[in-house]
Amino acid sequence: MRSRSRCSMRYIGIDIGTTSICGAVIDTKRRRIIASITKDNRSFIRTSRTWERIQDTEKIITTAENILTSLLRKYPNIRGIGVTGQMHGIVYVDKNGNAASPLMTWQDGRAGLPYRKTTYAGSLSAATGYAVAPGFGMATHYYNIITRCVPKNASSFCTIQDHLVMRLTGANEPRIDATNAASFGVFNLRSLRFDERALQKAGIGAALLPKIVPSGIKAGTWRGIPVYTALGDNQASFLGSVKDICRTALINIGTGAQISAYTERYAAVPGVDTRPFPGGGYLLVGASLCGGKSYALLHQFFERTLSFFGEKDPGDIFDLMNALKIGTLAERLTVDTRFAGTRTDASVRGSISNISMDNLTPEHLIVGFCDGMTDELYDMYNRMPKTVRGRVRSLTGSGNGLRKNALLRAIVKERFGHPIRFTLHREEAAVGAALSAFVGSGNGDFLSAGRMLSYENR
């Protein structure tokens with residue numbers, strides 16, 4: 001009886017990323033992952049159109065189903081399946097629920113092509129009053145309407161994770177939650193609905209728009225196991241990382257960098273995204289374009305300097321950089337790490353200042369770059385409402401750029417004034433999807449789901 005009870009509290013989460021697809025089994029009684037599988041997402045389709053970034057929908061579905069089958073073979077007593085994945089991109093579906101197109105990913109640039117003295121995305125933004133970037137599903141759909149590229153047999157469109165839910169459950173029409181729908185653009189964040197009036201001004205009818213449903217509701221079954229509506233991967237990652245959602249901010253530093261915090265009420269913050277959170281409320285998300293890439297840029301500079309002077313590699317340069325202690329440095333450099341601009345101004349460039357006769361050293365550059373990465377996130381965090389910042393008591397960290405860099409962790413803790421912790425697992429989005437299934441099956445709500453998480457002891 002004990003073994004059967006333990007098995008009955010297991011859930012699977014599937015995360016469909018752009019470059020990999022991950023499945024994870026969580027045991028909510030033991031509060032940890034007990035198995036995970038990650039496979040490369042080898043579905044990109046070669047095309048002569050340089051701006052096109054499309055993936056083979058069937059390959060993605062097959063890979064996800066194979067992961068599910070493998071996990072279920074080892075852990076047959078699963079109570080529910082949750083799904084998440086890459087937001088913004090769209091796949092058209094027909095009236096039978098099958099894919100009518102490839103997945104046009106968030107990286108697809110068709111809406112960035114010139115149109116009416118601007119771009120397709122720019123034209124859509126002007127017509128609707130909503131800022132919509134190339135790669136956002138509604139901008140992609142707008143381009144397809146104008147260029148007559150919408151498949152003739154299309155009855156609707158959705159994200160790839162929503163389509164996986166359809167295929168698993170045998171549904172013939174997509175039902176998506178607000179976390180995914182908002183990522184398409186032209187979405188009213190207060191009413192949590194597409195702004196159909198604004199879309200009509202741009203010539204986009206409501207006929208193909210997917211139906212919006214609450215997060216974490218049962219969509220059907222797969223092999224007798226309940227399957228729940230999909231989440232956007234940003235919200236799933238937050239859910240799968242943060243134990244105390246109302247009093248913790250999440251800092252992710254990988255290739256890019258983000259700072260995220262929860263708020264019950266809608267807030268519009270310049271330079272910060274407001275995104276629906278499952279079950280109610282919103283995530284405020286500040287995103288840096290460079291993030292960990294700026295630290296990699298400094299690493300590359302050191303490598304090229306050594307090569308220029310004919311020196312051999314002294315070992316792992318990253319290890320040497322990360323081992324530096326900040327307490328030994330005086331008169332820090334001021335480094336602006338916005339080397340690739342910002343999401344609102346692509347023309348912004350980075351800089352190094354406060355240079356004296358004593359601080360133009362490798363050590364000061366390393367600390368300065370870590371300061372700059374942290375300061376950009378802290379500036380975004382500082383724009384969030386005082387009511388949000390005032391209740392934050394700790395930070396949760398994710399991403400290898402932060403996990404593997406003790407120096408950066410020390411600077412983040414110093415700047416934000418809060419301790420930083422990491423989950424035992426690194427499959428945050430897949431875990432968040434599994435927790436969505438946990439909530440959907442009647443176990444509490446999204447705000448309390450984080451109690452199932454366990455943290456590292458550092």
Might you point out which heavy atoms bring Tyr295 and Cys370 nearest each other, and give the distance in Å?
-> CE1-SG, 3.6 Å
Determine whether Ile204 and Thr128 make a side-chain contact, defined as any pair of heavy atoms from C-beta on separated by less than 4.5 Å.
-> no
Spatial distance of atom OG1 (Thr229) from atom CD1 (Ile176) [nearest 0.5 Å] | 10.5 Å
Considering all heavy atoms, the nearest Gly17-Gln86 contact = O-NE2, 3.4 Å
Ser183 and His88 have their tightest heavy-atom pair at O-ND1, 2.7 Å
When the ring planes of Phe187 and Phe194 are compared, do they come out parallel, tilted or perpendicular, using 30° and 60° as the limits?
-> perpendicular
Is a donor on one side and an acceptor on the other found under 3.5 Å between the side chain of Arg426 and the backbone of Thr423?
-> no
Exam field: side chain Asp94 to backbone Asn96, donor-acceptor pair closer than 3.5 Å | yes
What's the verdict on side chain to side chain contact (heavy atoms under 4.5 Å, CB included) for Tyr143 and Leu124, showing C-alpha distance, side-chain angles and the deciding distance?
-> CA-CA 9 Å; Tyr143 169 93; Leu124 177 62; over 6 Å; no
Flag, side chain of Ser288 to backbone of Gly291, donor-acceptor distance under 3.5 Å = yes
With distance as the sole criterion, is a donor-acceptor pair present between the side chains of Ser36 and Glu427 under 3.5 Å?
-> yes
Regarding Ser398 and Asn252, is there a side-chain donor-to-acceptor distance under 3.5 Å anywhere?
-> yes
Decide yes or no for Val25 and Ile78: does some side-chain heavy atom of the first lie under 4.5 Å from some side-chain heavy atom of the second?
-> yes
Under 3.5 Å, is there a donor-acceptor pair between the Thr18 and Trp106 side chains?
-> yes
Can you tell me if Glu428 uses its side chain to pair, donor with acceptor, with the backbone of Ser237 under 3.5 Å?
-> no
Flag, side chain of Ser101 to backbone of Tyr92, donor-acceptor distance under 3.5 Å | yes
Taking atom types as modelled and ignoring hydrogens, do the side chains of Thr47 and Glu52 form a donor-acceptor contact shorter than 3.5 angstrom?
-> yes
Flag the pair Tyr381 / Arg389 as yes when at least one side-chain heavy-atom distance between them is below 4.5 Å, and no otherwise.
-> yes
Is a side-chain donor or acceptor of Thr57 paired with a backbone partner of Leu103 at a separation under 3.5 angstrom?
-> yes
Side chains of Asp27 and Arg32: closer than 4.5 Å at any heavy-atom pair?
-> no
With a 3.5 Å cut-off and no angle check, do the side chains of Gln161 and Thr84 form a donor-acceptor pair?
-> no
Side-chain donor-acceptor contact under 3.5 Å, Asp108 with Thr105 | no
Does the side chain of Asp162 come under 3.5 Å of the side chain of Thr159 through a donor N or O and an acceptor N or O?
-> yes
Using the side chain to side chain contact (heavy atoms under 4.5 Å, CB included) rule, take Leu402 and Ile251 through it: C-alpha gap first, then chi angles, then the decisive distance, then the call.
-> CA-CA 9 Å; Leu402 195 57; Ile251 293 183; 4.0 Å; yes
Does the side chain of Tyr142 come under 3.5 Å of the side chain of Ser123 through a donor N or O and an acceptor N or O?
-> yes
Kindly say whether Tyr282 contributes a backbone atom to a donor-acceptor pair with the side chain of Arg275 at under 3.5 angstrom?
-> no
Any side-chain heavy atom of Thr38 sitting closer than 4.5 Å to one from Ile21?
-> no
Just checking, Arg10 and Tyr75: is the charged tip under 6.0 Å from the six-membered ring centre and within 45° of the axis?
-> no
Side chain to side chain contact (heavy atoms under 4.5 Å, CB included) evaluation trace for His141 with Phe157 | CA-CA 9 Å; His141 182 48; Phe157 61 86; 3.7 Å; yes
Just wondering, do Ser156 and Glu173 contact through their side chains at under 4.5 Å, heavy atoms?
-> no
Arg409 side chain vs Ile420 backbone, donor-acceptor pair below 3.5 Å = no
With Thr274, the side-chain contact (heavy atoms from CB on, under 4.5 Å) member among Leu189, Val285, Leu283 | Leu189
Sequence neighbours excluded and cut-off under 3.5 Å, please list the side-chain donor-acceptor pairs for residues 432-442, or say none.
{"residue": "Ser441", "atom": "OG", "partner": "Tyr11", "partner atom": "OH", "Å": "3.0"}
{"residue": "Ser441", "atom": "OG", "partner": "Ala437", "partner atom": "O", "Å": "3.3"}
{"residue": "Ser441", "atom": "OG", "partner": "Phe438", "partner atom": "O", "Å": "2.8"}
{"residue": "Ser441", "atom": "OG", "partner": "Asn443", "partner atom": "ND2", "Å": "2.9"}

Does the side chain of Asp177 reach to within under 4.5 Å of the side chain of Ile212, using non-hydrogen atoms?
-> no
Qualifying residue, where the test is ring pair (Phe, Tyr, Trp, His ring centres under 6.0 Å) with Tyr262 and the options are Phe277, Phe446, Phe238 = Phe277
Should we count NZ of Lys211 as having more than 12 external heavy atoms under 6.0 Å?
-> no
May I ask you to decide if Pro270's main-chain N or O and Arg383's side chain share a donor-acceptor pair within less than 3.5 Å?
-> yes
Just checking, any donor-acceptor pair under 3.5 angstrom between side chains of Asn405 and Asn322?
-> yes
